[in-house]
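Keep in mind it's a predicted model, so treat the numbers as computed, not measured.
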Amino acid sequence: QVQLVESGGGLVQPGGSLRLSCAASGFTFSRYGMSWYRQAPGKERELVAAIKAGGSTNYVDSVKGRFTISRDNAKNTVYLQMNSLKPEDTAVYYCSAPLIGYWGQGTQVTVSS
């Protein structure tokens with residue numbers, strides 16, 4: 001049974017940092033690309049960052065230079081390090097294994113003073 005479990009969300013002030021984690025199980029994690037998406041209230045879900053099985057990464061323009069996606073295949077975990085957070089980063093963040101069509105339950109990130 002495939003499971004993706006996110007953690008690490010919370011409330012942070014503008015300019016602060018958070019690290020999201022997504023623990024995967026039920027599939028051969030190292031063989032698959034992983035992605036982080038987010039959905040803000042009233043907006044469509046958008047791709048934030050992705051990392052291929054080989055480690056190459058890509059980011060939506062709005063987070064380039066601030067967010068870093070990484071993976072630890074030994075721990076079956078993908079991370080999203082978020083620095084210099086802005087109020088517009090407020091959203092529910094979802095971990096996904098797109099090629100096998102699975103999503104986590106999401107974790108709320110709120111950036112507010």
Side-chain angles (χ1 to χ4, degrees):
Q1 179 182 359
V2 173
Q3 283 194 312
L4 299 173
V5 180
E6 301 102 333
S7 61
L11 173 65
V12 63
Q13 292 187 342
S17 298
L18 284 174
R19 188 176 83 154
L20 306 182
S21 300
C22 172
S25 61
F27 65 103
T28 307
F29 178 79
S30 62
R31 294 183 181 177
Y32 290 90
M34 299 294 296
S35 299
W36 285 97
Y37 287 74
R38 67 185 178 188
Q39 188 166 19
K43 295 188 176 181
E44 293 186 356
R45 191 172 295 189
E46 69 169 346
L47 175 65
V48 176
I51 185 167
K52 293 185 178 180
S56 61
T57 59
N58 65 280
Y59 300 89
V60 67
D61 284 348
S62 60
V63 308
K64 285 180 180 177
R66 300 189 298 121
F67 290 11
T68 302
I69 188 171
S70 62
R71 64 190 299 156
D72 185 337
N73 290 339
K75 296 182 177 179
N76 287 357
T77 300
V78 61
Y79 303 98
L80 186 67
Q81 177 67 44
M82 305 186 294
N83 299 328
S84 302
L85 282 160
K86 305 176 180 180
E88 52 263 43
D89 295 317
T90 295
V92 178
Y93 283 71
Y94 298 89
C95 170
S96 173
L99 289 182
I100 58 173
Y102 281 88
W103 295 81
Q105 81 286 353
T107 185
Q108 176 71 47
V109 171
T110 303
V111 184
S112 175
S113 55

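Residues Leu11 and Ser112 have side chains in contact (heavy-atom distance under 4.5 Å, counting atoms from C-beta outward). Considering only heavy atoms from C-beta on, Asp89 comes within 4.5 Å of Arg66 through its side chain. Residues Glu6 and Leu20 have side chains not in contact (no heavy-atom distance under 4.5 Å, counting atoms from C-beta outward). The closest side-chain heavy-atom distance from Val78 to Trp36 is below 4.5 Å.
In terms of the side chain to side chain donor-acceptor pair (under 3.5 Å) criterion, residue partners of Ser62 (sequence neighbours excluded) are, by chain and number, Arg38.
Membership of the apolar cluster around Tyr94 extends to Tyr37, Leu47, Val92, Trp103, as traced through chained side-chain contacts below 4.5 Å between ILVMFWY residues.
Considering CD1 of Ile51 and OH of Tyr79, their distance stands at 11.5 Å, rounded to 0.5 Å. With rounding to the nearest 0.5 angstrom, the CD1 atom of Ile100 is 7.5 Å from the CE atom of Met34. Between Tyr102 atom OH and Tyr32 atom OH the span is 10.5 Å, to the nearest 0.5 Å. Distance check, rounded to the nearest 0.5 Å: CG of Leu99 to NZ of Lys52 gives 10.5 Å.
The residues Lys64 and Asp61 are annotated as salt-bridged, a charged nitrogen and a carboxylate oxygen being separated by less than 4.0 angstrom.
Val5 and Leu80 end up in different hydrophobic clusters when Ile, Leu, Val, Met, Phe, Trp and Tyr side chains are linked at under 4.5 Å.
For Thr90 (side chain) and Val111 (main-chain N/O), a donor-acceptor pair under 3.5 Å exists by modelled atom type.
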